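Single-structure report; data block below.
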Number of protein chains: 2
Amino acid sequence: MVREVVCAYLDREGYATIEAEDGETALDLVTSTSPDLIVLDVMLPKLDGYSLLERLRRDTDVPVILLTARAEEVDRVLGLELGADDYVVKPFSPRELVARIRSVLRRAQPTEQIATTLEYDQIVIDGASRQVVVRGQAVDMPPMEFDLLHQLAASPKRVFSRAELLEKVWGSSSDWQDPSTVTVHVRRLRQKIEADPDDPQLLVTVWGRGYRFEP
Amino acid sequence: MVREVVCAYLDREGYATIEAEDGETALDLVTSTSPDLIVLDVMLPKLDGYSLLERLRRDTDVPVILLTARAEEVDRVLGLELGADDYVVKPFSPRELVARIRSVLRRAQPTEQIATTLEYDQIVIDGASRQVVVRGQAVDMPPMEFDLLHQLAASPKRVFSRAELLEKVWGSSSDWQDPSTVTVHVRRLRQKIEADPDDPQLLVTVWGRGYRFEP
DNA sequence: TTCTCTGGTGAACGAGCCGTGAACGTCGAT
DNA sequence: ATCGACGTTCACGGCTCGTTCACCAGAGAA
């Protein structure tokens, strides 16, 4: 009942929703549809919310918002410890839930930013046209190289390990991938965007840790 | 008297408690039992709360919650500057104390890790870019040196023994490691961050004890 | 003072990381 | 079918960094 109300409201707000009436169904649906966010009632037939959350956290990072009737701190702490992203106490107003959802999505978003245009002194990276302009010169870039550059440049100065880049750029299927793939792509990027590829200023190696984009 | 009530309440909440009736006893008990959290009344025989807190902070990171009768801002600021994690004014309800305890424990729980940026007058240590800026000058740092510096600077004024640094920075496999490794890394750090490496101001040797970062 | 122990210094070695060049496979276009 | 662009893999070599060691300097104790 709560479920229908919530779904209706979220639909009206422009979110696409999928419902599951018990924990097991939910688990199946999550793996088959990989939603952007899960609103999870702890009182759930067949597989309760906490157990489901625990199972989910073993192999996904989907943001989860818990719904619980009990206002006690214990439940809140338990939920957050299991890896919930936020927590709403029943009874709640749909408005509040939507606010929480927005906030959680905003926090979780940063991975999905790949349409943004990034502008720095030496380089402009246009996410929409997927074009790069280096010191006034347009440069063509293959898909992988572009995505890699975009990922690095979207968080300037931040160090990314090869493993992290594999995960973020190459996607989920990158468990067995060879980290040296990243190395090679970085090299090719350098040859395209560095003034002197032998002395990189933009794509800096952080020894033992990974790479960093230096604007 | 307050002590018995608090302990009784905490016991009932499922926490294991140890009592000390004066500051000196407390200090002994802390080193011998290494508790997860300390609730500390500032009015204490033999060694008052503030002094005890100061002593504690020289060689531990135990979370500390201060109990004080005075509501004045001065006391609050003093306590927090000395490194208290939270602060409760008498009279207080046991429920409130428990809430604070939970909150502090939750914060302390997930080994607040190495993406934090530390800023001091002379030096800025950026965990994300793994860059150090010393008196306006950017300095790149090898992995181990950076981790060591970050560890020391994350708890300024606190003394770390070589063994402890080996454990915290070098990790689990550091049982047989040579403590002189730490010495050498400290030396190299000094050459990079000290104005005069022969007269260290930031990375101070505490003879017979270890090292301390002095902001 | 003298002795002992801790910490500082310089140098050297070896492991492992990264850059490099080249080759191979795949896929889509011609 | 052929070709070219792109992604991936791999071996090799250079070089950075971590570690160790012998030796020296300085603090503390007797």
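This one's a predicted model, so the numbers in the text were calculated from it and none came from an experiment. Lettering of chains follows the sequences in order, A, B, ..., and the numbering in each one begins at 1.
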**Derivation of the side-chain contact (heavy atoms from CB on, under 4.5 Å) call for A/V133 and A/Q131** = CA-CA 7 Å; A/V133 179; A/Q131 261 190 345; 5.6 Å; no
**Request:** Applying ring pair (Phe, Tyr, Trp, His ring centres under 6.0 Å), name anything that partners A/Y211, two or more places apart in sequence or on another chain.
**Result:** none
**Asked** Between the side chain of B/S180 and the main-chain N/O of B/T183, is any donor-acceptor distance below 3.5 Å?
**Response** no
**CA sep, side-chain torsions, deciding dist, call: B/R57, B/V64, side-chain contact (heavy atoms from CB on, under 4.5 Å)** = CA-CA 10 Å; B/R57 274 298 169 265; B/V64 170; 4.0 Å; yes
**Asked** Under 6.0 Å from the CD atom of A/Q137, do we count more than 12 heavy atoms belonging to anything else shown?
**Response** no
**Message:** Categorize A/D198 for me: base, sugar-phosphate, or nothing, with a 4.0 angstrom heavy-atom threshold over every strand shown.
**Reply:** sugar-phosphate
**Message:** Which residue in the set B/R130, B/R190, B/R187, B/K192 passes salt bridge (Lys or Arg N to Asp or Glu O under 4.0 Å) when paired with B/E145?
**Reply:** B/K192
**Message:** I'd like the 5' and 3' limits of the part of DNA chain C contacted by chain B, with heavy-atom contacts below 4.0 Å.
**Reply:** C/dT6 to C/dA12
**Request:** Give me the ring orientation class for A/W170 and A/H185: parallel if the planes are under 30° apart, tilted from 30 to 60°, perpendicular past 60°.
**Result:** perpendicular
**Prompt:** Rounded to whole angstrom units, what separation is found between the CZ atom of A/F146 and the P atom of D/dG7?
**Reply:** 13 Å
**Message:** One thing to verify: whether A/R158 and B/D126 come together as a salt bridge, which I'm taking to mean a side-chain N less than 4.0 angstrom from a carboxylate O.
**Reply:** no
**Request:** Between protein and nucleotides 10-19 of chain D, map the contacts as a letter string: B base, S sugar-phosphate only, - none, heavy atoms under 4.0 Å, written 5' to 3'.
**Result:** S-----BSBB
